[in-house]
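Below: the structure, in structure tokens.
Naming: A, B, ... by sequence-line order, numbering from 1 per chain. Just so it is clear, the model here is predicted, and its values are computed rather than measured.
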There are 2 protein chains.
Amino acid sequence: MAALERAGQRLTPQRLAIAEALARTGKEATVQELYDQVRRKHPYIGRATIFRSVDMLVEAGLAQRLERPGHVSAYIWCEPGHHHHLICTSCRAVEDLGETLVAPLAKSIARERGFRVDHATLDFYGLCRACAAKRGKPAAS
Amino acid sequence: MAALERAGQRLTPQRLAIAEALARTGKEATVQELYDQVRRKHPYIGRATIFRSVDMLVEAGLAQRLERPGHVSAYIWCEPGHHHHLICTSCRAVEDLGETLVAPLAKSIARERGFRVDHATLDFYGLCRACAAKRGKPAAS
DNA sequence: GTGGTTGCAAAGGTTTTGCATGTGC
DNA sequence: GCACATGCAAAACCTTTGCAACCAC
């Protein structure tokens with residue numbers, strides 16, 4: 001959590017609580033979920049603070065906004081340099097994925113299509129090892 | 001546009017107009033932009049119809065929702081089997097990318113991490129060939 | 001002490017929904 | 001003709017903003 005200090009931001013109890021909540025779940029979390037979670041210890045925290053704090057975390061490179069299907073933004077804690085993920089659609093656990101997979105792709109795209117890649121989204125959705133083992137087949141809807 | 005019929009959906013003038021508008025721009029488009037565009041020919045169309053139609057298009061596999069940063073959904077027309085894109089952050093043009101790049105990645109992830117990939121997002125943001133040529137460097141903010 | 005941060009509440013904007021009417025098949 | 005699609009408007013929703021009080025540094 002010392003990463004927060006390194007980000008050159010003020011270390012308030014709220015921010016700590018939010019960062020901690022996000023880091024601890026190991027899953028993607030919406031603002032509402034973080035709000036519910038953090039409110040157990042900070043009953044007077046406001047939703048706006050969550051929004052402002054996660055924005056700050058994203059800018060500091062400590063979190064990432066997942067543009068996930070369904071119009072609600074979710075956030076995940078992430079170590080610098082790990083901006084791609086495996087996201088379990090069952091338990092919502094998130095695993096990091098390094099840049100190593102994307103870098104060669106970006107390079108070949110630049111070469112073959114003349115496209116100058118700035119950044120890329122690469123996220124895999126599916127079942128994590130545990131969930132895949134639990135149910136061999138995806139659950140029927 | 002015959003793809004619409006194939007999707008087993010009713011072919012209404014509104015849907016045709018929306019699909020056409022989306023297909024013709026060759027760019028990502030927000031609902032608001034489609035609304036403005038389609039309204040030139042269908043002044044009485046409602047925003048709700050746009051939302052319902054793009055949802056239908058997405059379900060039919062003829063469009064894709066881009067979860068782009070900034071909380072507004074944008075949609076792009078896409079041929080079946082081309083669900084990854086190069087998106088120009090300058091002119092907002094969209095180029096298709098086949099599945100060929102992702103398939104091997106998904107396979108290796110399944111093998112190495114025990115993760116059962118269902119689907120993946122892979123979109124590259126940057127400058128298309130034309131925009132990259134126009135301005136060698138990204139514009140200063 | 002000071003400037004950034006918080007909490008509250010209200011505003012802003014996007015997306016969804018209900019229902020009567022209209023229409024493709 | 002019937003089921004589905006549309007238009008309208010209001011509701012629901014997430015997110016942002018303004019501002020006074022507060023607090024980390």
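The separation between A:Arg15 atom CZ and C:dG7 atom P is 11 Å, rounded to whole Å. Across the protein-nucleic acid pair, B:Tyr35 atom OH and D:dG7 atom P stand 9 Å apart, rounded to whole Å. Rounded to whole angstrom, the span from the CD1 atom of B:Ile50 across to the C1' atom of C:dT14 amounts to 14 Å. As a whole-Å value, the separation of A:Arg39 CZ from C:dT6 P is 16 Å. One atom, CD of A:Gln32, and another, C1' of D:dC13, lie 11 Å apart when rounded to the nearest Å. A:Arg47 has its CZ atom 11 Å from the C1' atom of C:dG7, to the nearest Å. Note: CG (B:Leu16) to C1' (D:dA5) measures 14 Å, nearest angstrom. Between the P atom of D:dA5 and the CD1 atom of B:Ile18 lies a distance of 12 Å, rounded to the nearest Å.
Stacking of A:Arg65 on the aromatic ring of A:Tyr75 is not recorded, the 6.0 Å distance cut-off and the 45° axial limit not both being met.
A distance-only check finds a donor-acceptor pair linking the side chain of A:Ser53 to the backbone of A:Thr49 [under 3.5 Å]. Looking at A:Glu33, its side chain does come within 3.5 Å of a backbone N or O of A:Thr30 through a donor-acceptor pair. Proximity of a side-chain donor or acceptor of A:Thr121 to a complementary backbone N or O of B:Asp123 within less than 3.5 Å is detected. Listed for the A:Lys27 side chain is a donor-acceptor partner under 3.5 Å among the backbone atoms of A:Cys91.
The CZ atom of B:Arg15 lies 12.0 Å from the CD1 atom of B:Ile50; values are rounded to the nearest 0.5 Å.
When the nucleotides D:dT6, D:dT15, C:dT16 are ranked by their closest atom to the side chain of B:Ser53, D:dT6 comes out on top.
Under a cut-off of 6.0 angstrom, the local environment of CD in A:Gln32 is crowded, with over 12 non-hydrogen atoms contributed by other residues, nucleotides or ligands. Atom CZ of B:Arg113 is surrounded by more than 12 heavy atoms from other residues, nucleotides or ligands within 6.0 Å.
Using five terminal pairs a side, the axes of the helix from C:dG1-D:dC25 to C:dC25-D:dG1 at its two ends make an angle of 50°, given in steps of 10 degrees.
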Give every pair of a protein N or O atom and an N or O atom of nucleotides 21-25 of chain D that lie under 3.5 Å apart, one pair per line with the distance.
unit_1 : atom_1 : unit_2  : atom_2 : d
D:dC25 : OP1    : A:Leu11 : N      : 3.2

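Looking at A:Arg52, its side chain has no donor and acceptor atom pair within 3.5 Å of the base of C:dG4.
A side-chain hydrogen bond (donor to acceptor under 3.5 Å, both in side chains) with B:Glu28 holds for exactly one of B:His85, B:Gln64, B:Arg92; it is B:Arg92.
A sub-4.0 Å separation between OP1 or OP2 of C:dT6 and a side-chain N or O of A:Thr49 is absent.
The residue A:Tyr44 sits close only to the backbone: its heavy atoms come under 4.0 Å of sugar-phosphate atoms, none of a base.
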